[in-house]
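Worksheet: one structure, shown below.
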Number of protein chains: 2
Amino acid sequence: MEQSQTINKLITHNIKPSLQRIAVLQYLDINKNHPSVDEIFNVLSKDMPTLSRTTVYNVLKLLYSKGLIQMITINEKQVLFDSNMENHAHFICKSCNKVVDLNLPETIKDTQNFMIDNNLIEETHVYYKGMCSECIKNKNYEL
Amino acid sequence: MEQSQTINKLITHNIKPSLQRIAVLQYLDINKNHPSVDEIFNVLSKDMPTLSRTTVYNVLKLLYSKGLIQMITINEKQVLFDSNMENHAHFICKSCNKVVDLNLPETIKDTQNFMIDNNLIEETHVYYKGMCSECIKNKNYEL
DNA sequence: GTGCTTGCAAATCGTTTGCAATAGC
DNA sequence: GCTATTGCAAACGATTTGCAAGCAC
């Protein structure tokens with residue numbers, strides 16, 4: 001994704017495109033591997049030595065509150081982030097902890113808000129847990 | 001649920017039914033409100049003053065690893081637990097943080113393990129986030 | 001008495017907070 | 001200069017770890 005597209009996303013969501021905000025969102029736009037705060041911070045701080053972890057937290061919270069990114073809580077250890085806002089499921093391998101995208105069942109691909117029992121549903125998350133193909137091959141079973 | 005049923009569940013899953021294990025599982029069998037470690041500890045320690053938080057963590061990890069309970073990671077703050085192993089969805093209100101059970105779409109009510117792209121799927125979690133009926137009524141909107 | 005279970009205290013680590021420094025208009 | 005943004009250091013809080021004490025067979 002072009003940097004100009006990333007900047008446009010910020011502007012159209014009423015977010016002032018500071019260097020730090022562009023860097024974080026661009027990282028998510030390019031790296032679709034559901035990074036953690038730490039991964040984002042570690043990579044970006046190589047090119048922005050003054051970047052602080054706090055700023056990464058602040059930016060991610062802002063992007064989430066404005067609907068630009070998803071928070072993935074599949075893993076109890078840490079929150080992961082994803083700028084792919086198309087409705088899709090996430091699978092985590094209990095053995096190697098890798099997270100990959102999977103398709104959603106058609107019935108819940110609905111991306112709009114809807115009501116169940118008078119509750120307003122704004123987000124739908126589908127998380128699968130199990131053992132990935134590689135770990136099965138490598139027999140990385142937890143015994 | 002009868003205490004004898006709770007004990008039977010432990011035995012049939014090859015878990016020695018210590019007092020602490022019975023107490024934790026029984027708490028989950030009776031209280032279907034998705035308690036956190038802290039809630040379980042606080043309530044149980046009233047009647048078991050020597051109970052330690054560590055033991056609650058240990059027991060919950062054991063029960064989860066033996067397939068007796070579910071871990072709910074809908075909330076990034078803390079893990080919640082549920083001894084209801086029937087496949088069902090969870091809804092969390094972003095305003096009051098209450099977690100309630102909802103029905104699953106029929107298409108993913110499948111409770112068996114299955115494969116997607118050579119990955120073995122052992123658990124399916126559906127999490128909805130939004131605003132609950134009460135908060136809508138009380139207009140507890142985050143402004 | 002051997003091995004499993006429990007419980008305490010300390011450590012760990014992801015995240016948040018308070019506040020001062022800085023940047024942008 | 002005023003306001004929003006950033007960044008540092010400390011605090012916080014959920015969870016884990018190391019290890020000693022207790023329990024069961």
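Quick caveat, the model's predicted, so the values are computed rather than measured. Residue numbers begin at 1 in each chain, while the letters A, B, ... track the order of the sequences.
For the pair Phe41(A) CZ and dG7(D) C1', the interatomic distance rounds to 10 Å; values are reported in whole Å. Between Asn58(A) atom CG and dT17(C) atom P the separation is 10 Å, expressed in whole Å. Atom-to-atom, OH of Tyr64(A) to P of dT15(C) comes out at 14 Å; the value is rounded to the nearest Å. Counting to the nearest Å, the C1' atom of dT5(C) and the NZ atom of Lys66(B) are 14 Å from each other. Across the protein-nucleic acid pair, Asn42(B) atom CG and dA14(D) atom C1' stand 13 Å apart, rounded to whole Å. Rounded to a whole Å, the CE atom of Met71(A) is 14 Å from the C1' atom of dT16(C). Atom-to-atom, CG of Leu19(B) to P of dG7(C) comes out at 10 Å; the value is rounded to the nearest Å. Rounded to an integer number of Å, the gap from Ile22(B) CD1 to dT5(C) C1' is 14 Å.
Candidate nucleotides dT6(D), dT6(C), dG7(D) were compared by shortest atom distance to the side chain of Val59(A), and dT6(D) ranks first. Proximity note for Arg21(B) (side chain, C-beta onward) versus dT5(C), dT15(C), dA14(D): the nearest is dT5(C).
In this model, the phosphate group of dT5(D) is not approached by any side-chain N or O of Thr55(A) to a distance below 4.0 Å at OP1 or OP2. Within the 4.0 Å cut-off from OP1 or OP2 of dT3(D), not a single side-chain nitrogen or oxygen of Lys16(A) is found. The shortest distance between the side-chain N/O atoms of Gln20(B) and the OP1/OP2 oxygens of dG7(C) is below 4.0 Å. Dashed line: the shortest gap from a side-chain N or O of Arg53(A) to OP1 or OP2 of dT15(C) is not under 4.0 Å. The shortest distance between the side-chain N/O atoms of Tyr57(B) and the OP1/OP2 oxygens of dT15(D) is below 4.0 Å.
Where Glu76(B) and Leu62(B) meet DNA chain C, the nucleotide closest to each residue was compared, and Leu62(B) sits on the side nearer the 5' end.
Taking 4.0 Å as the cut-off between side-chain N and carboxylate O, Asp29(B) and Lys9(B) count as a salt-bridged pair.
Cys135(A) SG to Lys98(A) NZ: the interatomic distance, rounded to the nearest 0.5 Å, is 6.5 Å. Atom CD1 of residue Ile30(B) and atom CG of residue Asn33(B) lie 11.5 Å apart, to the nearest 0.5 angstrom.
Without hydrogens or angle criteria, Lys129(A) side chain to Asn75(A) main chain gives no donor-acceptor distance under 3.5 Å. Here the side chain of Tyr127(A) pairs no donor or acceptor atom with the backbone of Glu123(B) at under 3.5 angstrom.
Taking 3.5 Å as the limit, the base of dC8(C) and the side chain of Thr54(B) contain a donor-acceptor pair of atoms between them.
Here Thr50(B) lies in heavy-atom contact (under 4.0 Å) with sugar-phosphate atoms only.
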